[in-house]
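Computed from heavy atoms alone, side chains included, the values below leave out hydrogens, waters and symmetry copies. Since the model is a prediction, treat every value here as computed from it, not as a measurement.
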Amino acid sequence: FRPRENARFVRIAIGSLGEAMTHLRHALRHRYISELEYQGLMRLAKRAHGAATGLVLYLDSCPPDRPAPADRQARHHRHSPRKEEPEP
């Protein structure tokens with residue numbers, strides 16, 4: 001119910017993907033992984049980056065955030081654990 005708020009977390013994930021791609025380049029340069037492993041992992045990282053970028057574009061295009069519907073809030077509170085009240 002809060003797509004623009006969720007976009008913030010996807011942006012954080014995109015930053016983490018960038019860091020992972022940097023580590024992959026480092027691993028290849030220091031020969032911790034083979035060229036073949038590097039290519040496969042970078043292909044996956046780039047696909048994930050593209051998908052996350054597309055998701056952010058979609059989430060940013062959504063209408064401004066709105067509160068969750070009342071029935072969802074009620075269900076959430078109904079299933080929340082309750083603290084036991086001490087007996088008088």
Side-chain angles (χ1 to χ4, degrees):
F1 294 98
R2 300 181 186 277
R4 291 187 179 180
E5 183 178 315
N6 289 338
R8 174 177 165 255
F9 296 107
V10 178
R11 284 188 185 89
I12 293 168
I14 290 171
S16 296
L17 278 167
E19 290 179 24
M21 293 164 80
T22 298
H23 291 302
L24 286 173
R25 286 188 284 278
H26 177 82
L28 177 65
R29 187 172 40 250
H30 292 279
R31 299 180 187 212
Y32 297 132
I33 60 175
S34 70
E35 178 70 32
L36 188 60
E37 290 171 311
Y38 171 79
Q39 289 175 6
L41 292 169
M42 279 301 269
R43 183 174 50 252
L44 290 173
K46 287 177 182 180
R47 287 180 65 193
H49 190 280
T53 301
L55 179 57
V56 166
L57 291 172
Y58 165 75
L59 292 171
D60 283 341
S61 74
C62 292
D65 293 340
R66 57 188 170 81
D71 64 325
R72 182 170 182 259
Q73 289 176 348
R75 274 185 284 148
H76 174 72
H77 292 297
R78 189 170 51 232
H79 294 300
S80 298
R82 295 184 183 190
K83 292 183 181 179
E84 293 294 321
E85 297 284 331
E87 292 189 29

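- Between the CD atom of Q39 and the CG atom of L41 there is a distance of 10.5 Å, given to the nearest 0.5 Å.
- As a member of the Ile/Leu/Val/Met/Phe/Trp/Tyr network built from side-chain separations under 4.5 Å, Y32 groups with nothing else and remains a singleton.
- The shortest non-hydrogen separation linking C62 to P3 is CB-CG, 3.5 Å.
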Side-chain atoms of residues 50-61: list all donor-acceptor pairs with protein atoms under 3.5 Å, sequence neighbours left out, distances to 0.1 Å.
| residue | atom | partner | partner atom | Å |
| --- | --- | --- | --- | --- |
| T53 | OG1 | H49 | O | 2.8 |
| D60 | OD1 | R11 | NH2 | 3.2 |
| D60 | OD2 | R11 | NH2 | 2.4 |
| S61 | OG | Y58 | O | 2.7 |

Which side-chain N or O atoms in residues 12-27 pair as donor and acceptor under 3.5 Å with protein atoms at least two apart or in another chain?
| residue | atom | partner | partner atom | Å |
| --- | --- | --- | --- | --- |
| S16 | OG | I12 | O | 3.3 |
| T22 | OG1 | G18 | O | 3.1 |
| T22 | OG1 | R25 | NH2 | 3.4 |
| H26 | ND1 | H30 | NE2 | 3.4 |

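- Once rounded to the nearest 0.5 Å, the distance linking NZ of K46 with CE of M42 reads 5.0 Å.
- Listed by chain and number, the residues in a side-chain contact (heavy atoms from CB on, under 4.5 Å) with E37 are I33, S34 (sequence neighbours excluded).
- Taking Ile, Leu, Val, Met, Phe, Trp and Tyr as members and joining any whose side-chain heavy atoms lie under 4.5 Å apart, directly or through other members, L44 forms no hydrophobic cluster with any other residue.
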